[in-house]
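Some notes on the structure that comes next.
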Amino acid sequence: MLLATWNINSINARLSHIQEFLDNYEPDILCMQETKVVDEKFPRDIFIDRGYEIEIYGEKSYNGVAIASKHAIADVARGFRIEIAKGSRRLISATIGDVNIVNLYIPNGQAVGSEKYHYKLEWLCALKLHIEENYKPHDKLVICGDFNIAPDDLDIYKPEEWNGSIMASPEERDHLESIKQWGFVDLFRQHHKEGGLFTWWDYQAGAFRRNAGFRIDHIWATESVAEHCSAVMIANELRKLDKPSDHAPVLAEFDL
DNA sequence: ATGGTGGATGGTCCA
């Protein structure tokens with residue numbers, strides 16, 4: 001089973017890239033973030049035409065998440081069970097086969113100390129509660145998406161410059177680590193020990209060309225799923241296309 | 001160098 005996560009930065013701006021990705025990789029499951037469209041206007045056809053089911057949770061202009069799957073999607077839930085303030089559409093969960101999937105778009109947080117940063121920390125607390133209340137560490141569970149956090153200095157370009165700034169600040173890293181401690185394995189890190197491997201590069205200042213990136217898109221799994229993960233990769237070539245998303249897809253292969 | 005890029009939008013906001 002091949003699972004992918006990709007912040008596409010607007011589904012309508014990325015239709016051709018998504019089709020190219022689906023045709024080249026044929027993932028069983030694709031979790032998308034930043035779809036940026038209301039559900040009634042979501043372009044379902046590119047998925048339906050390729051044999052995917054598609055479940056969506058979107059809003060106008062901002063945020064929005066979706067799960068496409070070649071296998072039946074069950075138990076779809078949108079948002080937190082108890083929605084926190086300013087309930088933007090950043091979480092959709094479902095069961096596919098016997099695996100629970102949670103697709104996340106964690107808030108960016110703008111700058112350390114800002115109002116949006118505090119919202120990011122609140123959101124991470126709500127996410128931890130949501131996981132504790134709905135799952136057990138021995139469940140087959142995958143959480144994936146744009147976490148907007150680089151867990152370690154290995155995950156950022158020029159750590160001496162970026163350590164402590166947004167996406168790499170101690171407080172948000174601690175919040176994410178406490179979620180990991182509940183019972184997750186970072187599947188990419190399980191298979192790749194080296195730094196300099198990123199999933200997001202700023203559009204500005206030739207960041208991709210200089211590999212000035214962050215590893216902020218993740219696929220985490222509980223042990224019972226992680227032990228079946230045989231490979232994880234970042235599909236960098238999608239970032240090289242004309243008018244790309246600023247994120248590259250991350251893929252995990254499972255012998256499930 | 002106080003910018004630079006990109007998406008949605010139709011003013012700015014967000015990343």
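Owing to the predicted nature of the structure, the values given are computational and were not obtained by experimental measurement. Below, chains carry the letters A, B, ... as their sequence lines are ordered, and counting in each starts from 1.
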With sequence neighbours left out, the residues meeting ring pair (Phe, Tyr, Trp, His ring centres under 6.0 Å) with F188(A) are H192(A)
What's the gap between dG4(B) and dA15(B) when it is taken at their C1' atoms, as a whole Å value? 14 Å
Atom CZ of R89(A) and atom P of dA8(B) are separated, to the nearest Å, by 18 Å
In whole angstroms, the gap separating P of dG4(B) from CZ of R210(A) amounts to 16 Å
Residues at least two apart in sequence or cross-chain that pass ring pair (Phe, Tyr, Trp, His ring centres under 6.0 Å) with H130(A), listed by chain then number, are F80(A)
Checklist entry - Distance between the P atoms of dT2(B) and dC13(B), in whole angstroms? => result 22 Å
Mind listing the N/O atom pairs, protein and nucleotides 12-15 of chain B, below 3.5 Å?
from: dC13(B); atom 1: O2; to: Y62(A); atom 2: OH; distance (Å): 3.4
from: dC14(B); atom 1: OP2; to: K116(A); atom 2: NZ; distance (Å): 3.0

Kindly list each side-chain donor-acceptor pair under 3.5 angstrom involving residues 67-74 of chain A, sequence neighbours excluded, with atom names and distances?
from: S69(A); atom 1: OG; to: H71(A); atom 2: N; distance (Å): 3.0
from: S69(A); atom 1: OG; to: H71(A); atom 2: O; distance (Å): 2.7
from: H71(A); atom 1: NE2; to: D28(A); atom 2: OD1; distance (Å): 2.8

Ring pair (Phe, Tyr, Trp, His ring centres under 6.0 Å) filter on F208(A), not counting sequence neighbours, yields W201(A)
C1' atoms of dT9(B) and dG3(B), separation to the nearest Å:
23 Å
Within residues 236-245 of chain A, those residues having any heavy atom closer than 4.0 Å to DNA chain B are K243(A)
Atom CD of E59(A) and atom C1' of dT9(B) are separated, to the nearest Å, by 15 Å
Applying ring pair (Phe, Tyr, Trp, His ring centres under 6.0 Å) to Y62(A) and not counting sequence neighbours gives none
Applying side chain to side chain contact (heavy atoms under 4.5 Å, CB included) to I46(A) and not counting sequence neighbours gives L15(A), I18(A), Q19(A), R50(A)
Going by distance alone, is a donor N or O of one side chain under 3.5 Å from an acceptor N or O of the other, for N63(A) and R90(A)? yes
Apart from Y203(A) itself, members of its ILVMFWY cluster (side-chain separation under 4.5 Å) are none
